[in-house]
Each structure stands twice: as C-alpha cells, then as structure tokens.
Protein chains: 2
Amino acid sequence: MNGELDSTDRAILRELQNDARLPNKDLAERVGVAPSTALERVRGLRRRGLITAFRAEVDTRALGRSLQALLALRVRPHTSQLVDPLRTFVLGLPETIALFHVAGPEDFLVHVAVPDADHLHRMILERILVRPEIIHLETTLIYRTERQPIQLPVD
Amino acid sequence: MNGELDSTDRAILRELQNDARLPNKDLAERVGVAPSTALERVRGLRRRGLITAFRAEVDTRALGRSLQALLALRVRPHTSQLVDPLRTFVLGLPETIALFHVAGPEDFLVHVAVPDADHLHRMILERILVRPEIIHLETTLIYRTERQPIQLPVD
DNA sequence: GATGAAAAGATCATGAT
DNA sequence: ATCATGATCTTTTCATC
C-alpha cells in the first residue's frame with residue numbers, strides 16, 4: 001500500500017513493459033520469486049496505479065498511416081470554454097496519436113499519423129483550420145519516431 | 001497473408017489495444033468468432049507486423065516523474081557521424097520517453113519525464129548541453145499529455 | 001512473503017465443415 | 001478460412017511454513 005518500489009517491483013515493471021503477456025510462471029522465474037508472489041506483486045502494482053493498462057502496440061505504418069507530423073496549435077482566446085471542446089475534438093480525430101498541452105507561444109502539440117501528405121493537407125485545411133478559435137497552426141513533419149518502451153524511476 | 005484488414009481484424013486490434021490480456025475466449029466472444037479463429041487471427045496480426053508488441057503501460061507520475069517536457073535540439077554539423085551517436089545517447093537517458101526526428105530548423109524533439117524542474121535543469125546543463133554538437137536547445141514544458149490508446153486505419 | 005498441491009480455467013493442436 | 005473438442009499447460013486459491 002505504500003509508494004516504494006523494491007527491486008522485485010522494478011524487475012516486474014521492466015518485464016511487463018517488455019512483454020505484457022509474459023506468463024506469470026516465467027515472470028516469477030525471471031524476477032526470482034515464487035509464482036504466487038509474482039501474481040500478488042503484479043496485482044499490487046495495478047492497484048497502486050503503477051501499471052495503468054496492458055495494451056497491444058500496433059504499427060501505424062502497417063495500418064496504412066506512414067506519415068507522422070506534429071501540429072502546433074495556438075488557440076485564442078485561451079479559455080476553457082474554447083479549449084475543452086477543442087481538446088475533445090482533437091482527441092476524437094482518428095489521425096491523432098497524442099495530444100500535448102504545452103507552455104509557451106503554442107498551446108497544443110498534436111501528434112498525428114496519416115497515409116500521406118495529401119491526407120495531412122486536406123485534414124488540416126478541411127477539419128482543423130475551419131475552426132475559428134485556432135489562430136495559428138504550424139506543421140512539423142516527423143521523419144522517425146522512437147519510443148523508449150521501458151520506463152523506470154529516475155534517481 | 002495479404003495486407004487487408006477485415007472487420008474482425010479491426011475489432012481484434014481495438015480490443016487488444018484496450019486490453020492486451022483479454023483472454024482469448026472473451027476476445028472471440030466480443031468479436032463474434034470461435035476461440036480458435038480468434039487465436040489464429042491474433043497470430044496473423046502479429047506475423048504480419050500489425051501488432052508489434054504487448055506492453056504494460058506505466059504511470060510516470062507514480063514512478064516519481066511528475067514533470068514532462070519537450071527538448072528541441074539543433075545539431076551541427078548535421079552528419080550521421082554526429083547524429084547517430086547523439087540519437088543513441090538520448091535514447092539511453094532514463095528520462096527519455098520518446099525521440100522524434102523532425103524536419104525544420106530543429107533536428108530532434110526529445111520527450112522526457114523527470115521528477116521536478118530542478119532535475120530537468122541539471123539534466124540539461126550537465127548531460128545534454130555539455131555535448132558540443134548541440135548548438136541549440138529549447139525547452140517546452142508539458143502541462144498534460146493525452147495519448148489515444150487505440151489506433152486504427154484511417155480511410 | 002514463500003511454497004506446494006489441487007481446482008478452475010485458458011490455450012492450443014487436430015480433424016471436420 | 002472457421003469451428004468444436006479434447007489434451008495440455010497456466011493461473012489461481014488455499015493451507016502451510
């Protein structure tokens with residue numbers, strides 16, 4: 001119930017970030033505890049909110065979305081009355097992978113994956129820029145994205 | 001063996017992105033096929049590269065990394081001789097969540113999660129800016145990150 | 001916490017449609 | 001391709017240390 005992670009917890013987090021479907025028996029062996037202990041630890045990590053979900057990772061390229069971009073949006077006036085619906089709208093776009101609310105001159109960065117540049121262009125013109133609260137949009141093409149699959153505490 | 005996704009494949013991708021540990025029996029029921037079919041479909045999706053991994057998702061806040069930022073890096077000269085080792089270095093930092101190689105005036109965007117602003121500051125000064133090939137760094141604080149957990153093809 | 005054994009349940013290979 | 005069925009393996013619980 002406390003917030004500390006011992007080396008077993010950390011090892012479990014490492015293994016399950018690497019393979020969420022690792023059988024409990026194998027997990028137990030790799031982290032050096034009994035299967036029942038591993039099971040209890042994993043439950044604890046979920047209960048304490050350290051593990052938030054188990055998800056399949058898909059390849060957006062294989063889904064026909066080979067081009068990624070970051071869209072920097074400026075929204076004015078920057079009131080929750082305008083910002084909240086925009087946030088919902090952006091997250092509802094099937095092209096959206098992630099949405100960052102940021103400090104600085106821009107308000108949002110939207111990470112999108114699309115089939116091609118034409119799709120991106122049409123999407124921006126026909127679905128994004130038609131919204132009058134967006135007073136500025138800057139597109140940055142992404143050549144390559146690399147995610148670090150394993151997150152651990154930093155000391 | 002081909003690259004098309006039918007509605008069953010799409011439904012499976014949806015379910016497994018939502019819960020990678022959904023038992024095959026339940027998966028089969030939800031997508032409306034027999035368990036053995038569901039199993040074969042999932043294998044096919046893995047083999048064809050649509051599903052790249054099953055991963056546990058961890059909460060960086062719960063790991064004691066409550067602050068996120070994007071670091072825009074400019075590297076000069078922009079040669080693979082300098083860029084490749086830098087890429088490896090950045091991905092090796094425990095603070096790094098993702099690395100974007102981008103077009104435009106900046107070369108990289110590094111998504112990091114750190115315990116606090118002081119850690120971020122020290123990290124930038126002591127570990128990033130000491131590298132002479134980095135001729136410019138701009139830090140953007142992230143107030144909030146929202147990922148869309150489910151990716152599907154866009155039409 | 002860890003262990004071992006037994007019950008419940010999931011996975012997987014096979015053969016049929 | 002899809003399905004139904006047993007054989008096999010895993011997970012889970014519980015009693016115990």
Side-chain angles (χ1 to χ4, degrees), chain A residues 1-65 149-153 155, chain B residues 1-59 62-64 149-155:
Chain A
M1 205 62 169
N2 71 38
E4 297 306 307
L5 291 177
D6 66 13
S7 64
T8 302
D9 288 328
R10 279 195 295 269
I12 289 173
L13 288 178
R14 228 185 299 113
E15 294 299 333
L16 293 183
Q17 285 178 92
N18 189 52
D19 179 7
R21 286 190 158 190
L22 187 66
N24 185 64
K25 193 181 130 195
D26 299 358
L27 174 65
E29 193 179 327
R30 291 199 192 188
V31 307
V33 296
S36 53
T37 305
L39 206 60
E40 188 43 48
R41 292 293 191 120
V42 173
R43 287 209 185 104
L45 289 167
R46 297 209 70 170
R47 189 170 25 79
R48 289 151 67 194
L50 284 136
I51 295 174
T52 54
F54 295 105
R55 297 192 191 281
E57 214 172 81
V58 303
D59 181 352
T60 50
R61 278 172 182 267
L63 292 178
R65 298 159 64 183
I150 295 176
Q151 306 297 324
L152 286 175
D155 308 304
Chain B
M1 203 65 166
N2 69 38
E4 297 305 309
L5 291 177
D6 67 11
S7 65
T8 302
D9 288 327
R10 279 195 294 269
I12 288 173
L13 288 178
R14 227 185 298 112
E15 293 298 334
L16 292 184
Q17 285 178 90
N18 189 52
D19 179 7
R21 286 190 158 190
L22 186 67
N24 184 64
K25 191 181 128 196
D26 299 358
L27 174 65
E29 193 178 328
R30 290 199 192 188
V31 306
V33 296
S36 51
T37 304
L39 207 58
E40 187 45 48
R41 291 292 192 123
V42 174
R43 285 210 187 106
L45 289 167
R46 297 209 70 172
R47 189 170 26 78
R48 289 153 65 195
L50 285 135
I51 294 175
T52 55
F54 295 106
R55 297 190 191 283
E57 214 173 79
V58 302
D59 182 352
L63 291 178
I150 294 175
Q151 305 298 323
L152 287 175
V154 297
D155 310 304

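Throughout, protein chains are lettered first and strands after them, A, B, ... in sequence-line order, and every chain is numbered starting at 1. Note: hydrogens, waters and symmetry copies are ignored here, and every other heavy atom, side chains too, is used. Everything numeric in this text was worked out from a predicted model, so none of it was measured.
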Any Arg41(A) side-chain N or O less than 4.0 Å from OP1/OP2 of dG1(C): yes
Under 3.5 Å: donor-acceptor pair, side chain of Arg55(A), backbone of Ala20(A): no
Spacing between Leu22(A) atom CG and dT11(C) atom P, to the nearest angstrom: 15 Å
Whole-Å distance separating the CZ atom of Arg46(B) from the P atom of dT11(C): 14 Å
Atom-pair distance (CD on Glu40(A); P on dT12(D)), nearest Å: 11 Å
Nearest-angstrom distance from the residue atom CG of Asp6(B) to P of dA1(D): 10 Å
Expected output: side-chain Gln17(A) to main-chain Gln151(A) donor-acceptor under 3.5 Å: yes
Whole angstrom value for the distance that separates P of dT11(C) from CG of Asn24(A): 14 Å
Side-chain donor or acceptor of Arg14(B) paired with backbone N/O of Ile150(B) under 3.5 Å: no
Side-chain N,O (Arg43(B)) to OP1/OP2 (dA13(C)) below 4.0 Å: yes
side-chain N/O Thr37(B) vs dC3(D) OP1/OP2, d < 4.0 Å: yes
Whole-Å gap separating P (dT10(D)) and CZ (Arg21(B)): 14 Å
Minimum-distance nucleotide to Ala34(A) side chain [options: dA1(D), dT3(C), dT10(D)]: dT3(C)
Integer-rounded Å distance: dA1(D) P and Leu45(B) CG: 13 Å
Polar side-chain atom of Arg65(A) near backbone of Leu152(B) as donor-acceptor pair, under 3.5 Å: yes
Out of dC12(C), dA10(C), dT11(D), whichever nucleotide has its closest atom nearest the side chain of Leu39(B): dC12(C)
Length of the line joining Lys25(A):NZ and dT8(D):C1', which is rounded to integer Å: 11 Å
Side chain of Ser36(B) (C-beta onward), nearest among dT12(D), dA10(C), dA13(C): dA13(C)
Test item: Arg48(B) side-chain N/O and Glu4(B) main-chain N/O as donor-acceptor pair under 3.5 Å: yes
